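Worksheet: one structure, shown below.
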Amino acid sequence: MELNKPIQWFPGHMAKTRRKLKESLSLVDMVIEVIDARIPLSSRNPELDALATDKPRLLIMNKADMADEAATQRWVAYFQKQGYYVLPADCKTGKGLQKLDGIMNEALAEQREIWQHKGMVGRPIHAMVVGIPNVGKSTFINRLAKSAKAKAEDRPGVTRGNQWFTLPSGAQLLDTPGVLWPKFDDQQAALRLAFTGAIRDQILDCEELACDLVLMLSRHYRSSFIARYKLSEPLPETAWELLEEVGRKRGMLIAGGEVDTARAANMLLDEYRGGKLGRITLEHPDDFRKENAE
Ligand code: G4P
């Protein structure tokens with residue numbers, strides 16, 4: 001998994017990835033971007049929109065099994081309104097992916113008519129797959145490769161490292177090499193990326209992170225949060241006290257009866273990431289509509 005690899009977002013790395021992306025874009029008809037359904041905006045690459053203006057865009061809202069279903073539906077409507085094709089999916093089980101071929105055909109319906117007029121009947125669709133680390137890009141590709149018996153080919157003349165997969169429909173998928181950087185310069189986005197595991201904990205203070213998480217849970221998912229950690233109303237007011245209370249309820253004490261907050265923080269983040277707190281979406285379209293309106 002990418003998460004444990006040291007990822008360094010230095011400008012040289014980004015410039016190289018950007019160059020490779022541009023090269024790959026010239027080889028495809030459309031772009032499939034895998035995003036995390038729990039953080040649909042923060043898990044997007046901030047520059048892809050500008051790079052891929054002239055190609056149909058499909059967003060795979062992956063890990064939909066861990067996201068709040070109603071929120072996912074609102075996000076689908078939000079993105080569709082902006083002209084994206086959207087497919088919520090759980091790539092771990094393959095749920096949702098049966099609609100992939102249909103959506104790809106729909107996205108390129110006009111283009112296919114043009115190809116037909118030009119006599120290019122049966123020309124396969126070429127699509128590239130992109131995604132920031134940990135959104136499940138490999139899981140998406142492996143799932144398709146498994147169920148579709150897709151074959152990976154290294155083609156001569158194509159950028160080294162580019163891998164093409166052929167689906168049973170004939171569609172060709174390009175797995176783009178290089179690591180796509182997330183929206184890490186926005187503090188809120190960075191926090192959400194850390195909650196979901198897309199940014200490594202080492203970069204951030206785990207206890208600070210857990211404080212933000214407990215605050216968010218107490219505001220937006222109060223009853224399931226209270227039930228899971230056997231808390232009682234009224235909840236402590238500060239995030240730090242909330243974290244301590246969670247640790248205390250789990251018996252995470254150190255000498256002198258103090259709460260081992262570092263352990264409690266790690267446990268909370270692990271449980272959130274493991275989906276044990278229920279289906280939680282950290283970003284909601286309404287928040288962004290409000291922000292945009294201000
Ligand atoms: P990447 O290539 O984008 O970096 O991500 P990758 O496929 O390695 O997936 C990152 C983690 O997300 C993996 O968990 C993977 O199993 C999980 N994942 C991917 N898609 C889904 C999904 O639709 N639903 C859920 N619930 N999880 C998903 P891991 O803990 O790193 O690996 P493993 O323990 O599953 O092997």
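Atoms within a ligand are numbered from 1 in the order they appear, just like the ligands themselves. Quick caveat, the model's predicted, so the values are computed rather than measured.
Salt-bridge formation is not detected for the pair Glu23/Lys20: no Lys NZ or Arg NE/NH1/NH2 atom is positioned less than 4.0 Å from an Asp or Glu carboxylate oxygen. A salt bridge is defined here as a Lys NZ or Arg NE, NH1 or NH2 lying under 4.0 Å from an Asp or Glu carboxylate O, and Asp260 with Arg248 fails to meet this definition. A salt bridge between Arg38 and Glu283 is absent, with no side-chain N of the basic residue lying under 4.0 Å from a carboxylate O of the acidic one.
Residue Asp90 approaches ligand 1 through these ligand atoms, each under 4.0 Å from one of its heavy atoms: 22 (C), 23 (O), 24 (N). The Asn62 neighbourhood of ligand 1 comprises atoms 19 (C), 20 (N), 21 (C), 22 (C), 23 (O), with distances under 4.0 Å to a heavy atom of that residue. When each atom of ligand 1 is checked for a heavy atom of Met66 under 4.0 Å away, the hits are 26 (N). Heavy-atom contacts of Thr139 reach the following atoms of ligand 1: 6 (P), 7 (O), 9 (O), 15 (C), 19 (C), 20 (N) (cutoff under 4.0 Å).
Here the options are Lys55, Arg123, Arg112, Gln111, the test is side chain to side chain donor-acceptor pair (under 3.5 Å), and the partner is Asp29; only Arg123 passes. Partner Phe140 forms a side chain to side chain contact (heavy atoms under 4.5 Å, CB included) with one of Val135, Asn62, Leu100 and no other, that one being Leu100.
In this pair, Phe195 and Tyr272 present their aromatic rings perpendicular. The plane angle is above 60°, beyond the 30 to 60° band.
Taking only non-hydrogen atoms, the option from Lys92, Arg273, Arg143 nearest to atom 16 (O) of ligand 1 is Lys92. Here the shortest heavy-atom distance to atom 10 (C) of ligand 1, taken over Asn134, Ile141, Asp36, belongs to Asn134.
Ligand 1 lies within reach of Cys91, whose nearest heavy atom is under 4.0 Å from it.
Below 3.5 Å of separation, one finds an N or O of Gly136 facing an N or O of ligand 1. Taking distance alone, with nitrogen or oxygen atoms compared against 3.5 Å, Val135 approaches ligand 1 more closely than that limit.
Donor-acceptor pairing under 3.5 Å is lacking for the side chains of Gln73 and Tyr78.
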